[in-house]
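Working notes for the structure below.
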Amino acid sequence: MKFSLLTTDLQSKARAGLITTDHGTIETPIFMPVGTVGSVKGVHINELEKDIHAQIILGNTYHLYLRPGLQILEKAGGLHKFNSWNKPILTDSGGYQVFSLSDNRKLTEEGALFRSHIDGSKHLFTPENVVETQRIIGADIIMALDECAPGDADYIYTKTSMELTHRWLQRGMKHFKSTEPKYGYSQTFFPIVQGGAYTDLRKQSAEFIASVGAEGNAIGGLSVGEPAEVMYEMVAVVNEILPQDKPRYLMGVGTPENILENISLGVDMFDCVMPTRNGRNGMVFTSNGIMNMKNKKWEDDFSPLDPDGTASVDHIYSKAYVRHLFASK
RNA sequence: GGGGAGAUACCGAAGCGGUCAAACGGGGCAGACUGUAAAUCUGUUGGCUCAGCCUUCGUAGGUUCGAAUCCUGCUCUCCCCA
C-alpha cells in the first residue's frame, strides 16, 4: 500500500491524498460503506460501483468467520472473488464486536472468547488468528484486534483496556510480519489508537501506535456514546501525534457533520453503518434536520415539485419527492 | 327445508360474572439508530374539563349489588346435510 499526500488545507488540518493498493486507488478523504458479511446491505454491488462510486468497502472478520466461514472464503479465493468486488476491501478485526457483543464474550490476555450469536458455539479470537483470518478473507487492509471500550468507561478500565490493546497490537504485528498474503496481492496492517475520552491516555496510545510504524493508523473507541465535542477533542489530540504521511482512519464515524468536522481535523478515512442502516430504516439527513420517511408529519412539508417543475434541494430530501420519484419509475 | 358455529376497538384475535377501556399480533402515529446480533428497536394507539369521569365487546330487552361474559327476542355471517 502507498499513501501520497496531494494537498493540505491552509485553514484547517484537512488534506487530500491517494491510497494505492493492488486492487486500485482510493481518493482521500474517503467514506467506506460497511459490508459486514460481504455485501453492503440494501445496495447491489453494481450500484455500489456505478452509482455510489464506492472506492473501498468494509468487511467484518467476526461475521465472515462465522458465516460463510473461512473454508468457503478460501475456496472462493478470498472475499473479492466471493462477492465480485474488485476494488479494495478493509476488514474490521472483531474489535467492535468485543464492544457490541459484550454479553456474549469473555476477555482474557490471550484474546476474546466469543459465544456465536448464531448458534452459541465458542470461538477464541486472538491477535494472531485474527490476522490469519484476514489473510484468508484477503482484505487489502487488515485491522489489529483491539478492545473497543464503552464511551462511559472509567479511567482505570480504559487504561487497562488500552494497555491490553497495545499488547495485542505487538502480537498481531509480529504475526502479520511473519506471514504472507494468500492470493498474490499485498495486504497491509493498521493498528488502532484507544484511550477512551481521556486526553493523556489518547496521547499515550497515539505515541505507541505511531511507534509501530504501520502504513496507516486508525483511531478507535470513539462515537461509542460520548458527546461529539469529546470525540473531536480526542481526534485533535491523536492527530497531533500520528504521522502526517500516513492515512488516518477514524473508525465508525459517522454523521455528515461528524465526517466534515473530522476531515478538518486531519482524518482521511471513515466508515459507518449509518447510511445503510438508516437508509433501511427510512431516516435521512436534510437541511431541515433529521427526517424519518415513515413519519407522516413530513408528508405535507414539501410539495412534490416546485411550480416550475424542478426539485429544489429540500425537495430532493422530502418524502413527497421520493414518492414522486418512485411513482414515476 | 334440517342441523351446527359465530358476531369483541382500524384489522385479526383472546377474554366467557367483579382485578376489563378489554391480553396478544398487524396496521396507524411518533422517537431512536455512529468499526451492523438491526428491512431493527422503543413509546403510543376510544373520548374528555384526564390521580377522575364518560361512551364502547352485532342489536333490543332482561337477570344481578355488578355483564364483553348469564337469559330472551331480533339482525347478520359462516359451515354441514337435503
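Naming: A, B, ... by sequence-line order, numbering from 1 per chain. Because the structure is a prediction, the values reported are computed rather than measured.
Salt-bridge annotation for A:D9 and A:R15: absent, with no side-chain N of the basic residue lying under 4.0 Å from a carboxylate O of the acidic one.
Proximity of A:T36 to the phosphate of B:U36: a side-chain N or O atom is located under 4.0 Å from OP1 or OP2. A:Q97 has no side-chain polar atom (N or O) that falls below the 4.0 Å cut-off from OP1 or OP2 of B:G35. Contact check, A:K41 against B:A38: a side-chain N or O comes under 4.0 Å of OP1 or OP2.
Where A:N278 and A:N104 meet RNA chain B, the nucleotide closest to each residue was compared, and A:N278 sits on the side nearer the 5' end. Residue-to-nucleotide proximity on RNA chain B shows that, of A:M251 and A:R280, the 5′-proximal contact is made by A:M251.
At the heavy-atom level, A:L58 lies under 4.0 Å from the strands shown only through sugar-phosphate atoms. In this structure, A:D271 reaches the sugar-phosphate backbone alone: every heavy-atom distance under 4.0 Å involves primed, P, OP1 or OP2 atoms, never a base. Contact annotation for A:N60: backbone-only contact, meaning every heavy-atom pair under 4.0 Å involves sugar-phosphate atoms and none involves a base. In this structure, A:Q194 reaches the bases: a heavy-atom distance under 4.0 Å links it to at least one base atom across the strands shown. Counting any heavy atom pair closer than 4.0 Å across all strands shown, A:S116 reaches no nucleic acid atom. Residue A:G221 is classed as a base contact, given a heavy-atom separation below 4.0 Å to a base.
The side chain of A:H117 approaches B:A38 more closely than any other nucleotide in the set B:G31, B:A38, B:G35. Nearest nucleotide to the A:N292 side chain, out of B:U34, B:A32, B:A38: B:A32.
Rounded to the nearest Å, the gap between the C1' atom of B:U56 and that of B:G46 is 7 Å. B:G47 sits 15 Å from B:A9 when the P atoms are compared, rounded to a whole Å. Atom name C1', nucleotides B:G27 and B:G12: the rounded distance is 10 Å, in whole Å. Spacing of P atoms, B:A82 relative to B:U77, comes out at 23 Å, to the nearest Å. For the C1' atoms, the distance linking B:C11 with B:U59 amounts to 22 Å, nearest Å. One P atom belongs to B:G61, the other to B:A68, and the distance between them is 15 Å to the nearest Å. Comparing the P positions of B:U49 and B:U42 gives an interatomic distance of 32 Å, to the nearest angstrom. Comparing the P positions of B:A23 and B:U44 gives an interatomic distance of 12 Å, to the nearest angstrom.
To the nearest angstrom, C1' of B:C33 lies 10 Å from OH of A:Y96. Nucleotide B:A37 holds its P atom 16 Å from the CG atom of A:D119, rounded to whole Å. For A:M291 and B:C33, the CE to C1' distance is 16 Å, given to the nearest whole Å. Atom CD1 in A:I290 sits about 9 Å away from atom C1' in B:A32, given to the nearest Å. We find that CZ of A:R277 is positioned 12 Å from C1' of B:G35, with the value rounded to whole Å. Distance, A:Y65 OH to B:G35 P: 23 Å, rounded to whole Å. What separates CD of A:E257 from C1' of B:U34 is a distance of 13 Å, to the nearest Å. Distance A:I56 CD1 to B:G35 P: 16 Å, rounded to the nearest Å.
Dense packing is recorded around CZ of A:R280, with more than 12 heavy atoms of other residues, nucleotides or ligands lying under 6.0 Å away.
With hydrogens and angles left out, the side chain of A:D146 and the base of B:G35 share a donor-acceptor pair within 3.5 Å. Judged by distance alone, with hydrogens and angles left aside, A:N258 brings a side-chain donor or acceptor within reach of the base of B:U34, the pair sitting under 3.5 Å. Residue side chain A:N281 reaches the base of B:C33 through a donor-acceptor N/O pair under 3.5 Å, judged by distance alone.
A:S39 places none of its side-chain heavy atoms less than 4.5 Å from the side chain of A:I45. Side-chain contact check for A:V34 versus A:I57: every heavy-atom pair is 4.5 Å or farther apart. Within the 4.5 Å cutoff, no side-chain heavy atoms of A:V37 are placed close to those of A:N60. Side-chain contact between A:F270 and A:N262: present, with at least one pair of heavy atoms (C-beta onward) separated by less than 4.5 Å.
No side-chain donor-acceptor contact under 3.5 Å links A:Y183 and A:D22.
Aromatic pair A:H166/A:F208: centroids less than 6.0 angstrom apart.
If you check B:A7 for Watson-Crick or wobble pairing at under 3.5 angstrom, you find it paired to B:U75. Figure legend. B:G18 is base-paired to B:C65; pairs are counted as Watson-Crick or G-U wobble with both atom distances under 3.5 Å.
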